[in-house]
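This is a predicted model, so every value here is computed, not measured.
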2 protein chains.
Amino acid sequence: MTSPAAGKPIRTAITDEDGIDFAIIELFFFAYRDFTSDPDQILADYGFGRAHHRVLHFVNRRPGLTVAELLDVLKITKQSLARVLKQLIDTDHIVQVQGPRDRRQRELYPTAKGRALALALARPQSRRIRAALEDSGTTERATIERFLEAMVNPELRAQIDIVPAQTSGKNHGDH
Amino acid sequence: MTSPAAGKPIRTAITDEDGIDFAIIELFFFAYRDFTSDPDQILADYGFGRAHHRVLHFVNRRPGLTVAELLDVLKITKQSLARVLKQLIDTDHIVQVQGPRDRRQRELYPTAKGRALALALARPQSRRIRAALEDSGTTERATIERFLEAMVNPELRAQIDIVPAQTSGKNHGDH
DNA sequence: AAATTACGTCAATAGTACTGACATAATTCC
DNA sequence: GGAATTATGTCAGTACTATTGACGTAATTT
């Protein structure tokens with residue numbers, strides 16, 4: 001059972017006494033696990049995975065972004081994106097349009113089908129968030145927004161602000 | 001570029017007007033991505049992945065849990081756990097102890113080495129959380145805790161309460 | 001004694017990711 | 001105009017995490 005030179009078992013639980021915030025670390029894990037489980041079930045019907053969801057989401061959020069921009073947001077490599085993007089194009093969820101200024105670029109846009117799927121995937125997630133805000137008595141979602149934004153690496157926060165969240169009205173300055 | 005029967009590109013961004021909370025959906029994605037990137041870098045030095053981290057975390061949080069209990073918390077299959085657990089045992093981060101009441105069971109405990117690694121992995125995550133609470137001016141972490149807990153499926157919230165978070169003092173009533 | 005439970009393991013497969021290399025077309029630089 | 005660079009696509013090989021299905025063993029329960 002225990003190999004000869006094995007260390008002795010520690011029988012006490014690790015706690016926050018070391019100044020480490022295990023409570024929130026663990027909650028974040030559970031919350032994200034369940035947050036992603038909603039769309040996962042829908043995606044399975046299409047033979048898609050989480051990667052397809054992420055691509056679909058950002059193409060809907062920033063229609064016309066290029067492949068390079070998408071790679072930058074997702075923080076994955078071109079090769080990882082290739083298969084997923086090809087499947088979404090083949091199934092008519094996303095279309096490529098040749099860049100107007102630079103014809104090497106491929107601008108990515110959702111089709112009506114892709115828009116519908118993106119909404120269907122987001123719906124249960126949004127419902128979960130709304131319920132959580134109500135259940136937890138958090139009247140101001142701004143608190144949660146600020147916290148989550150502060151959890152993001154400062155140098156990457158620029159990515160978030162590309163799409164005007166919801167309060168600010170208009171700045172889609174893309175062309 | 002566009003295949004013959006392809007749908008037409010939609011050029012407007014998806015927004016919150018559909019009653020969907022895209023702002024928080026997206027923030028949650030970015031926040032979790034960066035939250036996990038800290039330990040990922042440390043794990044790479046050991047040839048470990050995220051799966052090893054999760055196992056190590058829960059064995060440290062609930063020393064003496066059985067394989068079946070671990071599977072239930074992680075929501076993965078026995079076969080998926082097998083390789084990861086074996087590696088952690090072979091590298092002397094975790095030891096198995098035959099169950100006292102039921103000798104079929106394997107109680108899992110961290111070694112001193114496993115405890116140290118778990119702490120090292122949690123440290124940057126805790127630092128990020130503390131910084132986020134300060135940056136966002138969220139004085140009461142209770143708000144964040146309540147929100148995150150409310151994001152978890154109700155029927156799975158029991159898993160969270162096994163370890164007394166941090167406010168309540170002592171109730172490790174395991175033996 | 002038979003059925004069930006807890007665990008381990010073997011085989012095959014899938015999804016997502018990686019690195020490295022190479023090709024093509026278009027743009028920019030000199 | 002020719003060379004270098006850029007944007008994209010693709011091929012080959014590999015790794016990690018996960019899956020289902022099947023089988024074996026020891027221990028407990030019925």
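Distance, B/Asp102 CG to D/dT30 P: 12 Å, rounded to whole Å. In this entry the distance linking CZ of A/Arg101 with P of C/dT28 reads 11 Å, nearest Å. Look at CG on A/Leu85: it is 10 Å from P on D/dT10, rounded to the nearest Å. For the pair B/Leu81 CG and D/dC16 C1', the interatomic distance rounds to 15 Å; values are reported in whole Å. A straight line from CZ of B/Phe48 to P of D/dT17 spans 10 Å, rounded to a whole angstrom. Taking atom CD1 of residue B/Ile76 and atom C1' of nucleotide D/dT20, one finds them 15 Å apart after rounding to whole Å. D/dG9 atom C1' lies 15 Å from atom CG of A/Leu70, rounded to whole Å. Look at CG on B/Leu71: it is 14 Å from C1' on D/dT17, rounded to the nearest Å.
Between A/Ser80 and C/dT16 there is no side-chain polar atom (N or O) within less than 4.0 angstrom of OP1 or OP2. Between B/Thr77 and D/dA18, a side-chain N or O to OP1/OP2 separation shorter than 4.0 Å is absent. Between B/Gln96 and C/dG8, a side-chain N or O to OP1/OP2 separation shorter than 4.0 Å is present.
Remark: B/Arg54 fails to qualify as a cation-pi partner of A/Phe29 under the 6.0 Å distance and 45° angle criteria applied to the six-membered ring. Figure legend: B/Arg11 and A/Tyr109 shown as a cation-pi pair, the cationic atom lying under 6.0 angstrom from the six-membered ring centre and within 45 degrees of its axis.
Position along DNA chain C of the nearest nucleotide to A/Arg50 versus A/Lys78 favours A/Arg50 as the more 5'-ward residue. Checking A/His52 against A/Arg103, the closest nucleotide of DNA chain C that is more toward the 5' end is the one next to A/His52.
The base of D/dT8 lies outside donor-acceptor range of the side chain of A/Arg104, with no N or O pair under 3.5 Å.
With no hydrogens or angles considered, no side-chain donor-acceptor pair links A/Asn153 and B/Arg33 at under 3.5 Å.
When all heavy atoms of A/Gln98 and A/Arg103 are compared, the pair lying nearest together is CG-O, 3.3 Å.
Closest approach to the B/Ala51 side chain among D/dG9, D/dA18, C/dA6 is made by D/dA18 (side chain taken as heavy atoms from C-beta onward).
Within the 4.0 angstrom heavy-atom criterion, no nucleotide atom of any strand lies near A/Lys86. Counting non-hydrogen atoms under 4.0 angstrom, A/Arg83 reaches a base of the nucleic acid.
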Contacts under 3.5 Å, N or O only, protein and nucleotides 11-14 of chain D:
none

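Every residue meeting the ring-ring contact (aromatic ring centres under 6.0 Å, His included) condition with B/His93, not counting sequence neighbours, appears here in chain and number order: B/Phe48.
Of the listed residues (B/Leu85, B/Val55, B/Leu88), just one forms a side chain to side chain contact (heavy atoms under 4.5 Å, CB included) with B/Leu108, and that residue is B/Leu85.
Between A/Glu26 and B/Arg61 there is a salt bridge, since at least one side-chain N of the basic residue sits less than 4.0 Å from a carboxylate O of the acidic one.
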